[in-house]
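Take a look at the structure set out below.
Any value given below was found using the heavy atoms of this structure, including those in side chains, with hydrogens, waters and symmetry copies removed. We name chains A, B, ... by the order of the sequence lines, and we start the count at 1 in each one.
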2 protein chains.
Amino acid sequence: MPGDELHALHQQELRRGTIVLACLLILKRPNYGYALLDRLDKHGFTVEANTLYPLLRRLEKQGLLTSDWNTDESRPRKFYRTSRAGTALADALSRDWDEMYSAFQSLKDET
Amino acid sequence: MPGDELHALHQQELRRGTIVLACLLILKRPNYGYALLDRLDKHGFTVEANTLYPLLRRLEKQGLLTSDWNTDESRPRKFYRTSRAGTALADALSRDWDEMYSAFQSLKDET
DNA sequence: AACGCTAATGTGCGTCACACACTATTGCAA
DNA sequence: TTGCAATAGTGTGTGACGCACATTAGCGTT
């Protein structure tokens with residue numbers, strides 16, 4: 001397997017789970033899927049649409065997001081918002097992330 | 001699903017891939033699996049043995065690690081060491097990690 | 001000498017997130 | 001009125017990880 005493919009593979013594994021946390025953080029302000037794609041991309045979390053939509057439905061099923069169809073405007077859009085449980089989880093995961101960050105620091109310092 | 005289970009689930013996803021990077025960094029100095037478990041644990045990367053061993057063999061098959069059986073001492077141990085390709089990948093993944101870190105910073109600053 | 005404990009490595013199965021390829025509908029602009 | 005972009009969804013495969021289990025060998029205790 002060429003080196004670039006290998007990197008892509010492991011990079012994907014490394015980013016795993018971060019999209020969930022990013023969504024929970026961003027969706028403290030309600031937004032709909034397609035616009036969320038842009039927001040994520042702007043912050044460096046590039047995701048495919050076909051990855052994001054199932055993810056949003058998963059999070060809703062887990063009670064971390066709530067959703068409402070906005071039918072006021074011409075084009076109907078499904079707005080998601082981080083629930084209270086979602087906010088709690090986002091806080092917990094942020095702490096976990098920070099711990100991993102220190103863990104890597106302690107590894108690099110050890111060279 | 002209770003909140004604790006949910007947290008455990010997402011936490012696992014978030015940590016995914018970090019073990020690989022941690023191993024590549026630690027194994028710049030050769031070491032064997034069982035001792036590596038300790039080193040990882042001390043740095044905050046707690047892993048099950050039955051997770052680590054297949055991982056090491058995967059990384060070896062991908063050419064990121066090399067291995068030698070040490071039969072000098074009474075108990076035979078398989079020593080792993082990060083290869084040149086492994087070092088290169090570790091550097092690349094470290095950069096990826098730092099980018100994700102900044103990405104999260106820019107998210108939190110935006111509240 | 002028999003027993004059990006720990007060191008040390010390994011395997012098989014299930015689960016879950018994510019990528020990839022695809023479908024479906026609707027509003028707006030050329 | 002044709003066509004593109006916005007918006008949402010599905011189905012299938014793959015790969016990492018956890019869990020439970022298996023295996024061998026040296027060490028200490030009784």
Side-chain angles (χ1 to χ4, degrees), chain A residues 1 5-24 30-41 45-62 64-65 67-80 89 93 100, chain B residues 1 5-24 30-41 45-62 64-65 67-80 89 93 100:
Chain A
M1 178 154 24
E5 271 184 46
L6 257 184
H7 177 224
L9 193 81
H10 287 285
Q11 187 185 31
Q12 184 187 324
E13 288 300 316
L14 197 59
R15 297 201 328 187
R16 216 176 168 110
T18 57
I19 310 291
V20 165
L21 179 50
C23 286
L24 290 177
N31 212 342
Y32 61 99
Y34 201 84
L36 183 55
L37 278 174
D38 257 18
R39 302 279 329 271
L40 284 167
D41 192 62
F45 299 94
T46 308
V47 197
E48 302 289 324
N50 31 28
T51 298
L52 184 63
Y53 286 116
L55 183 145
L56 291 173
R57 313 180 112 239
R58 258 198 324 273
L59 295 184
E60 188 184 10
K61 192 186 286 182
Q62 296 174 349
L64 303 169
L65 297 178
S67 72
D68 297 286
W69 280 98
N70 180 328
T71 48
D72 293 353
E73 301 176 28
S74 59
R75 188 179 285 272
R77 295 193 256 239
K78 195 175 185 178
F79 275 74
Y80 289 93
L89 184 67
L93 291 178
M100 289 196 291
Chain B
M1 185 157 17
E5 270 184 48
L6 257 184
H7 177 226
L9 194 81
H10 288 284
Q11 188 186 30
Q12 184 188 325
E13 289 301 314
L14 197 59
R15 299 202 324 187
R16 217 171 167 117
T18 57
I19 310 290
V20 166
L21 179 50
C23 286
L24 290 177
N31 212 341
Y32 61 99
Y34 202 84
L36 183 56
L37 279 175
D38 258 18
R39 302 277 331 269
L40 285 168
D41 192 61
F45 299 95
T46 308
V47 198
E48 302 289 323
N50 30 28
T51 298
L52 184 62
Y53 285 114
L55 182 145
L56 291 174
R57 315 180 111 239
R58 259 197 326 271
L59 295 183
E60 188 185 11
K61 192 186 284 180
Q62 296 174 349
L64 303 170
L65 296 178
S67 73
D68 296 288
W69 279 99
N70 180 331
T71 49
D72 293 352
E73 300 177 28
S74 60
R75 188 179 285 273
R77 296 193 257 238
K78 196 174 187 179
F79 274 73
Y80 288 94
L89 183 67
L93 291 179
M100 289 197 291

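- For A:Gln12, counting side-chain heavy atoms from C-beta on, the closest listed nucleotide (C:dC18, D:dA8, C:dT9) is C:dC18.
- The distance between atom CD1 of B:Ile19 and atom C1' of D:dG18, rounded to the nearest whole Å, is 12 Å.
- Between the CG atom of A:Asp38 and the P atom of D:dA8 there is a distance of 12 Å, given to the nearest Å.
- Rounding to the nearest 0.5 angstrom, the gap separating the CG atom in A:Leu24 from the CG atom in A:Leu65 is 6.0 Å.
- Closest approach to the B:Arg58 side chain among D:dT10, C:dG10, D:dA16 is made by D:dA16 (side chain taken as heavy atoms from C-beta onward).
- Going from atom CD of A:Glu13 over to atom C1' of D:dA16 covers 5 Å, rounded to whole Å.
- Listed nucleotides: C:dT26, C:dT11, C:dC20. Nearest to the side chain of B:Pro54: C:dT11.
- Side-chain N or O atoms of B:Arg15 include one that pairs as donor or acceptor with a backbone N or O of B:Thr46 at under 3.5 Å.
- Distances shorter than 4.0 Å separate some side-chain N or O of A:Arg57 from OP1 or OP2 on D:dT10.
- For A:Asn50, the listed nucleotide lying nearest its side chain is C:dC20; candidates were C:dC20, C:dT9, D:dA6.
- Atoms CZ (B:Arg39) and P (C:dA7) sit 17 Å apart, rounded to a whole Å.
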Evaluate A:Lys78 against A:Leu56 for side chain to side chain contact (heavy atoms under 4.5 Å, CB included), listing each step before the verdict.
CA-CA 11 Å; A:Lys78 195 175 185 178; A:Leu56 291 173; over 6 Å; no
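- Distance from the side chain of A:Leu9 is smallest to D:dG15 among C:dG10, D:dG18, D:dG15.
- Here D:dA6 is the nucleotide among D:dA6, C:dC18, D:dG18 with the atom lying nearest to any side-chain atom of A:Arg75.
- Between A:Glu13 and A:Arg16 there is a salt bridge, with a side-chain nitrogen of the basic residue lying less than 4.0 Å from a carboxylate oxygen of the acidic one.
- Remark: C1' of C:dC18 and CG of B:Leu14 are 15 Å apart, rounded to the nearest angstrom.
- One atom, CZ of B:Arg15, and another, C1' of D:dC17, lie 10 Å apart when rounded to the nearest Å.
- Of the two residues near DNA chain C, B:Thr51 and B:Tyr32, the one whose nearest nucleotide lies more 5' is B:Tyr32.
- Here C:dA19 is the nucleotide among D:dG9, D:dG18, C:dA19 with the atom lying nearest to any side-chain atom of A:Val47.
- You'll find that the side chain of A:Tyr53 is closest to D:dA8, out of C:dC18, C:dT9, D:dA8.
- Protein atom CG of A:Leu93 is 14 Å distant from nucleotide atom C1' of C:dA17, rounded to whole Å.
- Among C:dT9, D:dC17, D:dA6, the nucleotide with an atom closest to any side-chain atom of B:Tyr34 is C:dT9.
- One can place CG of A:Leu52 at 12 Å from C1' of C:dC18, the figure rounded to the nearest angstrom.
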Should A:Leu52 and A:Cys23 be marked as a side chain to side chain contact (heavy atoms under 4.5 Å, CB included) after you check the CA-CA gap, both sets of side-chain angles, and the distance that decides it?
CA-CA 9 Å; A:Leu52 184 63; A:Cys23 286; 3.8 Å; yes
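- When distances run from any side-chain atom of B:Leu55 to the nucleotides C:dC18, C:dG10, D:dC17, the shortest one goes to D:dC17.
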